[in-house]
Amino acid sequence: MAHVLAANPQRSFTVTDLAKLLGNSGGAIGNACETLLRRGEAVRRGTNPRTYQANTATSNAAQRVATVPAPAAAPSPVRAARRSAPAAPARAAQNLQTGPQPILRPNGQQYHPRALADLPDIEALRRLRDAQVPVLLYGPPGTGKTSLIEAAFPDLITVAGDGDTTVGDLIGEYTQNEQGGYEFVYGPLVTAMEEGRALLLDDATLISPKVLAALYPAMDGRRQIQVKAHKGETITAADGFYVIAGHNPGVHGAVLTEALASRFSVQVQVGSDYDLAASLKINPTAVRIARNLATLQKAGEIGWAPQLRELIAFQKIADVLGADAAFSNLVGIAPLEDRDTVAEVVGKATGRPVTALSLGRQL
């Protein structure tokens, strides 16, 4: 990638241009371009479609790549890298043994990769994107589903689904402009299709099945949708377009219909990594409480247990207000039907009665 950009410093390349030159999928090319962009080794010149151009640091990146030996008769750097790489399980074992480096998410927070099918989860998702295999991640809120997807796909566009999501929210609708007239503004689905980007349907199972039906033609072999509200035009997906979804089974109103489930060939359960919580220096008693509550939840005795999100928040609260307040807050955020059990488990772990965080007498 860096070689191509550096060799043509005056030219801007689309993802599709680079995919044709290098013989790889648009998804992989898009991810590589965004990586160069994050490192400051390329610049983005356009957004619709995305175009990339060399800067003063691109040639240095190309020189670093040139120092890595490649097989002699390789048709392209990408294919050469694939042939010279060790088998997937072996490479994954090496990565997991040494510990993949945390990935920086758009919000500045780090994501710590986990194992998925003998691969780091980020690599597994990127391979599935290359193969155009849609993925549904499901599990309780706060387990890191969105974090994983954001870390895996720097070019991600996110749709926050709920019961009020409309077809217009996905495809686009007419909006009043500054002149008082109306113009059609394309939605995130059209943008992702035209730019060859990844599209996350967060809380997809809260979206009406009738609304989701507008998405399905873009996910099957047609890879097209018809924008009926805008002259009936046809939008065809560019290379790299990819749909991934998140599902929270315990959330009220979340229904995984057969039509939706059938569109996602890979469905991955995501739970909290309590070992990671411990390694992040979160209060060990809080981590132990979360593990115990998760065991009760798995047995069907309660419906809630703190996930990684709640444990990270616990530590922030403890750092500001102290551990006692953080334990009280842990009880207070539990659903009412589980609060007594959570208070009992927290009380046993801390050695004192714990009630929900509340205001006391006037100072």
Side-chain angles (χ1 to χ4, degrees), residues 105 107 109-112 114-115 121 136-149 160-163 202-206 246-256 267-363:
R105 294 167 53 203
N107 63 2
Q109 295 180 351
Q110 291 185 331
Y111 177 78
H112 298 260
R114 292 180 275 181
D121 50 10
L136 174 74
L137 301 181
Y138 66 94
T143 51
K145 298 185 294 296
T146 304
S147 301
L148 164 57
I149 297 168
D162 58 39
D202 208 6
D203 286 323
T205 48
L206 294 179
H247 166 45
N248 298 319
V251 173
H252 177 71
V255 179
L256 181 60
Q267 299 183 17
V268 181
Q269 183 176 15
V270 181
S272 279
D273 185 348
Y274 294 118
D275 290 336
L276 172 60
S279 71
L280 294 176
K281 309 301 182 184
I282 292 173
N283 185 299
T285 301
V287 177
R288 186 169 70 253
I289 289 170
R291 290 184 189 274
N292 291 340
L293 290 172
T295 300
L296 294 176
Q297 183 185 35
K298 189 174 182 179
E301 297 182 30
I302 58 174
W304 178 86
Q307 305 301 328
L308 186 59
R309 179 188 297 165
E310 285 81 21
L311 289 175
I312 292 174
F314 173 96
Q315 194 57 54
K316 290 180 178 179
I317 295 168
D319 291 342
V320 175
L321 300 179
D324 288 350
F327 282 119
S328 292
N329 185 67
L330 196 62
V331 172
I333 63 175
L336 284 173
E337 60 270 23
D338 295 324
R339 192 167 295 175
D340 289 343
T341 302
V342 172
E344 181 181 353
V345 171
V346 174
K348 287 181 179 179
T350 59
R352 61 174 181 80
V354 179
T355 57
L357 190 63
S358 61
L359 292 176
R361 62 181 177 81
Q362 187 174 14
L363 297 176

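The chain is numbered in sequence order, starting from 1. All of these numbers come straight from a predicted model, not from anything done at the bench.
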Contacts of type side chain to side chain contact (heavy atoms under 4.5 Å, CB included), residue Ala313, not counting sequence neighbours: none

Sequence neighbours excluded, the answer for side chain to side chain contact (heavy atoms under 4.5 Å, CB included) partners of Leu256 is Leu136, Thr205, His247, Leu260, Ala261, Gln267

Mark yes or no for whether [X], through its side chain, and [Y], through its backbone, hold a donor-acceptor pair below 3.5 Å.
{"X": "Glu301", "Y": "Leu296", "value": "no"}
{"X": "Lys145", "Y": "Tyr138", "value": "no"}
{"X": "Arg339", "Y": "Ala334", "value": "yes"}
{"X": "Asn283", "Y": "Ala286", "value": "yes"}
{"X": "Thr143", "Y": "Gly139", "value": "no"}
{"X": "Ser272", "Y": "Leu308", "value": "yes"}

For residues 343-363, which residue pairs pass the salt bridge (Lys or Arg N to Asp or Glu O under 4.0 Å) check, not counting sequence neighbours? Asp324-Arg352, Glu344-Lys348

Sub-4.5 Å side-chain heavy-atom contact between Leu276 and Arg114: no

At what distance, to the nearest 0.5 angstrom, does [atom1] of [X] lie from [atom2] of [Y]?
{"X": "Leu321", "Y": "Asn329", "atom1": "CG", "atom2": "CG", "answer": "8.5 Å"}
{"X": "Ile282", "Y": "Ile312", "atom1": "CD1", "atom2": "CD1", "answer": "5.5 Å"}
{"X": "Gln307", "Y": "Leu293", "atom1": "CD", "atom2": "CG", "answer": "10.0 Å"}
{"X": "Leu206", "Y": "Asn248", "atom1": "CG", "atom2": "CG", "answer": "7.5 Å"}

Which heavy atom in [X] sits nearest to a heavy atom in [Y], and how many Å separate them?
{"X": "Val287", "Y": "Tyr274", "value": "CG1-O, 3.8 Å"}
{"X": "Leu311", "Y": "Ala277", "value": "CD1-CB, 3.9 Å"}
{"X": "Trp304", "Y": "Asp338", "value": "N-OD2, 3.2 Å"}
{"X": "Gly161", "Y": "Asp203", "value": "O-CB, 3.6 Å"}

Ser147: which of Gln109, Arg105, Gln110, Arg309 passes side-chain hydrogen bond (donor to acceptor under 3.5 Å, both in side chains): Arg105

Can you spot which of Asp121, Leu280, Asp273 makes a side-chain contact (heavy atoms from CB on, under 4.5 Å) with His112? Leu280

Pair Ile289, Phe327 - check side-chain contact (heavy atoms from CB on, under 4.5 Å), show working. CA-CA 10 Å; Ile289 289 170; Phe327 282 119; 3.6 Å; yes

How far apart are the C-alpha atoms of Lys281 and Asp319, what are their side-chain angles, what is the distance that settles it, and do they pass the salt bridge (Lys or Arg N to Asp or Glu O under 4.0 Å) test? CA-CA 12 Å; Lys281 309 301 182 184; Asp319 291 342; over 6 Å; no

